[in-house]
Amino acid sequence: MRTRISRGLAAALAVSALSLTAACGGGAKEDTKKGGADKPAAGATTSAAPTSEAPATPLTDAQMKAGVLELKDLPSGWKATKRQTGNTVYKAEKAECQPIAALMSGDVDGATKGPSVDFAVGNNASEIAEDVVTFPGTGAADFTKKLTTALDSCPDFAVTADGGKMKMSVKKLTAPQGAEEAHAFEIGLEVAPGITIKPNMVFVRQGTGVLRFLHLADAAGKKDFDGLAKTATEKFAKAAQG
């Protein structure tokens with residue numbers, strides 16, 4: 001996520017107020033293994049009816065490819081963007097908060113990396129970064145459990161990255177439905193004194209697969225998060241079960 005944080009910071013310094021027109025995104029390491037129903041309460045983990053037997057086989061390449069967004073899935077005006085190389089590793093000072101920091105780093109231990117896609121609308125006023133990974137055995141469920149604990153235990157914590165220290169905060173949001181497990185939350189990352197970027201993230205588990213969907217937008221674009229997250233979650237869950 002280094003490149004987008006840098007771009008977001010550059011944009012913030014270029015104007016009198018933090019516009020966040022350039023966002024924070026996925027940036028995963030290339031070699032990392034890495035409706036009609038009532039909405040759940042904000043911060044609740046959504047879950048689907050359990051299957052008769054928990055899957056233990058990692059997702060196939062085809063399943064992971066089918067699970068990421070394409071331009072045809074998005075409203076008009078969006079464009080595909082190219083992810084730049086580079087990765088910043090975030091290390092939480094509190095061990096129990098590391099699962100959240102790991103998501104920002106793009107490095108999920110034990111996972112095998114699938115596709116990564118990035119999109120933007122307008123003059124990068126709203127951006128999406130999406131990554132899919134898969135785990136062997138119970139790895140996905142185990143990581144999700146650790147993340148759930150971290151989200152409950154770490155509303156504010158410090159992280160180190162590139163030799164510096166930053167403050168990070170987490171605010172739970174309403175998670176989309178349609179997958180076995182899903183979390184939605186806003187991440188506040190103080191990239192410089194007085195400059196905080198606040199992307200929204202959805203973490204989705206379906207079987208042995210995990211989707212990480214990140215959206216950062218200006219004030220007007222924030223309203224689109226729920227719809228975009230719902231689309232991403234439903235597509236991933238369907239592909240992972242295929």
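The first residue in the sequence is number 1, and the count goes up from there.
- Between Gly221 and Ala217, the closest heavy-atom pair is C-CB, 3.6 Å.
- With rounding to the nearest 0.5 angstrom, the NZ atom of Lys172 is 3.5 Å from the CG atom of Asp152.
- Using a 4.0 Å cut-off between a side-chain N of Lys or Arg and a carboxylate O of Asp or Glu, Lys238 and Glu234 do not qualify as a salt bridge.
- Between the side chain of Gln98 and the backbone N or O of Tyr90, at least one donor-acceptor pair lies under 3.5 Å.
- Lys79 NZ to Phe119 CZ: the interatomic distance, rounded to the nearest 0.5 Å, is 12.5 Å.
- Annotation: the span from Met166 atom CE to Leu189 atom CG amounts to 5.0 Å, rounded to 0.5 Å.
- Here the side chains of Leu74 and Leu228 are in contact, with some heavy-atom distance below 4.5 Å.
- Between His215 and Phe225, the ring planes lie parallel to each other; the angle is under 30°, not in the 30° to 60° tilted range.
- Closest approach of Pro136 to Pro58, counting heavy atoms only: CA-CG, 3.8 Å.
- Looking at Phe203 and Leu151, their side chains never come closer than 4.5 Å, going by heavy atoms from C-beta outward.
- Here the CD1-OG1 distance, from Ile187 to Thr196, works out to 13.0 Å after rounding to the nearest 0.5 Å.
- Annotation: side chain of Leu103 is in contact with side chain of Leu147 (closest heavy-atom distance under 4.5 Å).
- Lys171 places none of its side-chain heavy atoms less than 4.5 Å from the side chain of Lys198.
- Here the closest non-hydrogen pair linking Gly110 and Phe135 is O-CD2, 3.8 Å.
- Counting only distance, with no hydrogens or angles, the side chain of Glu130 and the backbone of Leu69 share a donor-acceptor pair below 3.5 Å.
- With respect to Glu181 and Arg205, a salt bridge is recorded, a charged nitrogen being found less than 4.0 Å from a carboxylate O.
- Legend: residues meeting salt bridge (charged side-chain N to carboxylate O under 4.0 Å, His left out) with Lys72, ordered by chain and number and at least two apart, are Glu70.
- With no hydrogens or angles considered, a side-chain donor-acceptor pair links Asp131 and Ser116 at under 3.5 Å.
- The closest side-chain heavy-atom distance from Leu59 to Phe236 is below 4.5 Å.
- Looking at Lys235, its side chain does come within 3.5 Å of a backbone N or O of Val68 through a donor-acceptor pair.
- No donor-acceptor distance shorter than 3.5 angstrom exists from the side chain of Glu127 to the backbone of Ala120, with no hydrogens or angles considered.
- Going from atom CE of Met168 over to atom CZ of Phe157 covers 5.0 Å, rounded to the nearest 0.5 Å.
- A donor-acceptor pair is defined here as one N or O able to donate and one able to accept, closer than 3.5 Å; no such pair exists between the side chain of Thr208 and the backbone of Thr134.
- Closest non-hydrogen pair, Gly178 versus Gln206, comes out as O-OE1, 4.3 Å.
- Considering every non-hydrogen atom in both Pro176 and Ala182, the closest pair reads O-CB, 3.6 Å.
- Asn200 is listed as a side-chain neighbour of Lys222, based on a closest heavy-atom distance under 4.5 Å.
- The shortest distance between side-chain heavy atoms of Lys167 and Asp156 does not fall below 4.5 Å.
- For CG of Asp61, the number of neighbouring non-hydrogen atoms (other residues, nucleotides, ligands) closer than 6.0 Å is 12 at most.
- Contact detail for Ala232 and Phe213: the closest heavy-atom pair is CB-CD1, 3.6 Å.
- Screening residues 146-242 for disulfide (SG to SG under 2.5 Å), with sequence neighbours left out, gives Cys97-Cys154.
- Under the rule for a side-chain hydrogen bond (donor to acceptor under 3.5 Å, both in side chains), the partners of Thr60 that lie at least two apart in sequence or sit in another chain are Gln63.
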